[in-house]
Amino acid sequence: MAARSFDMIVIGAGPGGYVAAIRGAQLGLNVAIVEREHLGGICLNWGCIPTKALLRSAEVFHLMHRAKDFGLSAEKIGFDLDAVVARSRGVAKQLSGGIGHLMKKNKVTVVMGEASLPKQGMVAVKTDKGTEELTAKAIVLATGARARTLPGLEADGDLVWTYRHALQPKRMPKKLLVIGSGAIGIEFASFFNTLGADTTVVEVMDRVLPVEDAEISAFAKKQFVKQGMKILEKTTVKKLDRGNGKVTAHLEDAKGTTTAEFDTVISAVGIVGNVEGLGLEQLGVKIDRTHVVTDDYCRTGVPGLYAIGDIAGAPWLAHKASHEGVMVAELIAGKHPHPIKPGSIAGCTYCHPQVASVGLTEAKAKEQGYQVRVGRFPFVGNGKAIALGEPEGLVKTVFDAKTGELLGAHMVGAEVTELIQGYVIGRTLETTEEDLMNTVFPHPTLSEMMHESVLDAYGRALHF
């Protein structure tokens with residue numbers, strides 16, 4: 001069979017991959033996309049979307065228990081875990097099917113199978129019908145990442161789970177251990193804890209959500225503990241002894257080693273890039289700790305070969321991957337796109353309360369030599385937050401004291417994952433404190449706290 005020729009081939013149909021394919025097609029390129037499992041990749045099928053569906057169910061369950069606070073009554077409140085999971089899977093299926101429609105609409109050729117790169121400019125795809133060869137001057141790697149496995153903590157799908165097992169749980173955990181308090185770990189801890197699991201979170205670093213501003217992490221921890229979670233910081237899980245329906249975890253901290261029993265463990269200790277089996281080493285692609293090394297335009301150094309999304313390293317975020325997909329497609333089509341600015345990409349964690357941030361933390365700003373002005377505004381000072389029954393939260397902003405540049409913004413509380421984009425736009429437009437102060441924020445909204453936090457950094461807060 002003769003090789004089929006394209007202008008651009010994308011390997012992997014996650015957010016970065018399918019967006020790259022769509023944008024390339026919009027620009028008149030003849031595009032093919034290769035996917036070995038599901039259109040939409042991990043994000044739509046096993047990550048961002050289905051976890052948010054689960055967390056929404058937990059949020060509604062939590063609110064039902066608070067019905068009295070709103071002058072309402074609800075009796076015999078309960079949940080059907082299978083139905084909760086079925087809704088989550090249905091949401092994922094709907095969106096995955098939508099990607100297929102987008103491929104057809106944009107005339108992108110979809111090839112289902114496992115890809116490798118036998119030589120520069122060629123992709124070999126193992127399909128049900130055999131191996132097919134595709135050629136293109138430009139090839140985009142968007143193969144994503146998977147859960148990291150640590151020796152002795154390997155998942156078995158029964159007692160020890162990864163995020164994929166946790167998305168389709170065989171049972172409701174009674175006593176749960178979550179290893180790792182990054183976004184994935186703390187989201188699952190929040191979900192199962194809300195539904196009634198006795199939840200313990202272990203974090204090797206000195207605080208939960210370690211990439212966040214220390215003040216925000218401390219605020220979030222206080223809320224988690226208030227909800228009944230046990231948080232063990234500066235603690236390592238050295239070993240898991242698996243028995244009949246139980247796991248004995250060996251926990252080590254500065255005081256020594258102790259043991260504790262759990263019926264379920266979720267391992268959320270990071271991710272590794274899907275770089276194996278592609279033939280990258282033979283092509284001369286540089287790989288650093290399972291991630292492809294690229295320049296600011298996602299070029300690998302091998303002519304015509306690009307890498308985007310999780311395989312290309314931090315930040316491991318779907319929206320970063322999508323934007324890289326657009327940039328690379330435009331570059332291939334002869335346009336002149338701007339490189340991605342990681343410091344203006346927001347991070348969002350959908351636990352309860354939500355956490356969101358963009359730019360430098362207060363500590364990082366000081367480490368980099370900035371003189372800073374810091375503003376804060378609590379949810380309890382905002383009328384909309386009180387009306388919503390969500391008075392627990394904080395908005396924090398960090399400015400360069402000399403220039404007024406917005407260096408970073410950090411939030412914890414209800415709907416902050418929606419609010420953060422305002423500060424993202426501000427950083428993208430190189431907004432100063434004066435611009436933000438002179439912006440009129442609608443009332444009554446949660447967004448008013450963003451304004452007040454800026455005002456507070458300059459001693460001008462009005463409502464607290």
Side-chain angles (χ1 to χ4, degrees), residues 52-53 55-74 186-187 190-191 194 209 212-213 215-224 226-227 319 346-359 373-399 406 408-429 431 433-464:
K52 304 314 162 280
L55 286 160
R56 175 60 173 165
S57 292
E59 180 184 15
V60 173
F61 185 66
H62 170 72
L63 285 172
M64 290 170 70
H65 279 90
R66 294 183 57 205
K68 189 176 180 181
D69 295 346
F70 298 92
L72 307 173
S73 62
I186 212 69
E187 285 182 1
S190 192
F191 171 72
T194 300
L209 297 167
E212 300 295 341
D213 184 88
E215 195 171 351
I216 299 300
S217 292
F219 192 105
K221 177 188 175 181
K222 184 178 179 181
Q223 297 305 308
F224 298 150
K226 188 176 178 180
Q227 294 163 20
H319 43 289
C348 298
T349 305
Y350 299 81
C351 47
H352 181 73
Q354 294 180 7
V355 177
S357 61
V358 65
R373 296 190 73 124
V374 178
R376 300 171 181 84
F377 196 82
F379 273 49
V380 73
N382 176 262
K384 180 67 178 293
I386 295 171
L388 289 174
E390 299 286 355
E392 300 290 343
L394 177 69
V395 177
K396 178 177 180 178
T397 45
V398 182
F399 291 89
L406 175 63
H410 312 275
M411 305 176 172
V412 56
E415 301 305 327
V416 297
T417 58
E418 300 292 337
L419 295 178
I420 194 64
Q421 185 61 14
Y423 286 133
V424 173
I425 293 170
R427 278 185 56 80
T428 300
L429 297 178
T431 299
E433 91 290 357
E434 185 178 2
D435 298 319
L436 292 168
M437 286 180 181
N438 290 331
T439 299
V440 180
F441 287 72
H443 173 79
T445 64
L446 297 176
S447 70
E448 290 174 277
M449 292 183 288
M450 299 168 64
H451 192 214
E452 291 278 4
S453 180
V454 175
L455 293 172
D456 183 61
Y458 291 84
R460 293 173 53 180
L462 297 171
H463 290 94
F464 197 79

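Keep in mind that the numbers below use all heavy atoms, side chains included, and drop hydrogens, waters and symmetry copies. Note that the structure is a prediction, hence the values are computed from the model and not measured.
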Engineer: Hey, are the side chains of Phe379 and Pro353 touching, using non-hydrogen atoms and a 4.5 Å cut-off?
Structural biologist: no
Engineer: Taking only residues two or more places apart in sequence, or in another chain, which ones meet Lys68 in a salt bridge (Lys or Arg N to Asp or Glu O under 4.0 Å)?
Structural biologist: none
Engineer: How long is the straight-line distance from OG of Ser447 back to CD of Glu452, given to the nearest 0.5 Å?
Structural biologist: 11.0 Å
Engineer: Are any side-chain N or O atoms of Ser190 and backbone N or O atoms of Cys351, one a donor and one an acceptor, separated by less than 3.5 Å?
Structural biologist: no
Engineer: Check salt bridge (Lys or Arg N to Asp or Glu O under 4.0 Å) between Arg460 and all other residues, then give those that pass, not counting sequence neighbours.
Structural biologist: none
Engineer: Using 0.5 Å steps for rounding, measure from the CD atom of Glu390 to the NZ atom of Lys384.
Structural biologist: 11.0 Å
Engineer: Report yes or no: does Asp456 contribute a side-chain atom to a donor-acceptor pair with the main-chain N or O of Arg376 at less than 3.5 Å?
Structural biologist: yes
Engineer: Out of curiosity, Tyr458 OH to Leu436 CG, how far, rounded to the nearest 0.5 Å?
Structural biologist: 9.5 Å
Engineer: Quick one: are Phe399 and Leu406 in side-chain contact, heavy atoms under 4.5 Å?
Structural biologist: yes
Engineer: Salt bridge (Lys or Arg N to Asp or Glu O under 4.0 Å) with Lys221: which residues, sequence neighbours excluded?
Structural biologist: Glu233
Engineer: What residues, two or more places apart in sequence or in another chain, satisfy ring-ring contact (aromatic ring centres under 6.0 Å, His included) together with Phe441?
Structural biologist: His451
Engineer: Do Met449 and Met411 pass the side chain to side chain contact (heavy atoms under 4.5 Å, CB included) test, and can you show the C-alpha distance, the side-chain angles, and the key distance before you say yes or no?
Structural biologist: CA-CA 10 Å; Met449 292 183 288; Met411 305 176 172; over 6 Å; no
Engineer: Find the distance between NE2 (His62) and CG (Leu55) and round it off to the nearest 0.5 Å.
Structural biologist: 13.0 Å
Engineer: Do you know the tightest heavy-atom contact between Phe191 and Ala58?
Structural biologist: CD1-CB, 3.7 Å
Engineer: For a quick check under 3.5 Å, do Glu59 and His352 share a side-chain donor-acceptor pair by atom type?
Structural biologist: no
Engineer: Tell me every residue that passes ring-ring contact (aromatic ring centres under 6.0 Å, His included) with Tyr350, counting only those two or more places apart in sequence or in another chain.
Structural biologist: none
Engineer: So do His410 and Val398 actually touch side chain to side chain, heavy atoms under 4.5 Å?
Structural biologist: yes
Engineer: Give the C-alpha distance, both sets of side-chain angles, the deciding distance and a yes or no for side chain to side chain contact (heavy atoms under 4.5 Å, CB included) between Phe219 and Glu215.
Structural biologist: CA-CA 6 Å; Phe219 192 105; Glu215 195 171 351; over 6 Å; no
Engineer: The criterion is salt bridge (Lys or Arg N to Asp or Glu O under 4.0 Å); which residues satisfy it with Lys52, sequence neighbours excluded?
Structural biologist: Glu187
Engineer: Nearest 0.5 Å, what's the CZ-OG distance between Phe464 and Ser453?
Structural biologist: 12.5 Å
Engineer: Residues two or more places apart in sequence or in another chain: which of them pass side-chain hydrogen bond (donor to acceptor under 3.5 Å, both in side chains) with Arg373?
Structural biologist: none
Engineer: Among all residues two or more places apart in sequence or in another chain, which pass the side-chain hydrogen bond (donor to acceptor under 3.5 Å, both in side chains) test with Asp213?
Structural biologist: Lys396
Engineer: About how many Å separate OG1 of Thr194 and CG of Leu63, when rounded to the nearest 0.5 Å?
Structural biologist: 10.5 Å
Engineer: Only counting residues at least two apart or in another chain, list the ones meeting ring-ring contact (aromatic ring centres under 6.0 Å, His included) with His463.
Structural biologist: none
Engineer: Please tabulate, for side-chain N and O atoms in residues 417-425, each donor-acceptor pair with protein atoms closer than 3.5 Å (sequence neighbours left out).
Structural biologist:
from   : atom 1 : to     : atom 2 : distance (Å)
Thr417 : OG1    : Gln354 : OE1    : 2.7
Tyr423 : OH     : Met450 : O      : 2.7

Engineer: For Glu415, check side-chain hydrogen bond (donor to acceptor under 3.5 Å, both in side chains) against everything at least two apart and list the hits.
Structural biologist: none
Engineer: Answer whether the closest heavy-atom distance between the side chains of Leu462 and Leu455 falls below 4.5 Å.
Structural biologist: yes
Engineer: Are the side chains of Asn382 and Val395 in touch, meaning some heavy atoms are under 4.5 Å apart?
Structural biologist: no
Engineer: What pairs with His65 under ring-ring contact (aromatic ring centres under 6.0 Å, His included), at least two apart in sequence or on another chain?
Structural biologist: Phe61
Engineer: Between Ile186 and Val355, is a side chain to side chain contact (heavy atoms under 4.5 Å, CB included) present by the stated rule, with each step listed?
Structural biologist: CA-CA 11 Å; Ile186 212 69; Val355 177; over 6 Å; no
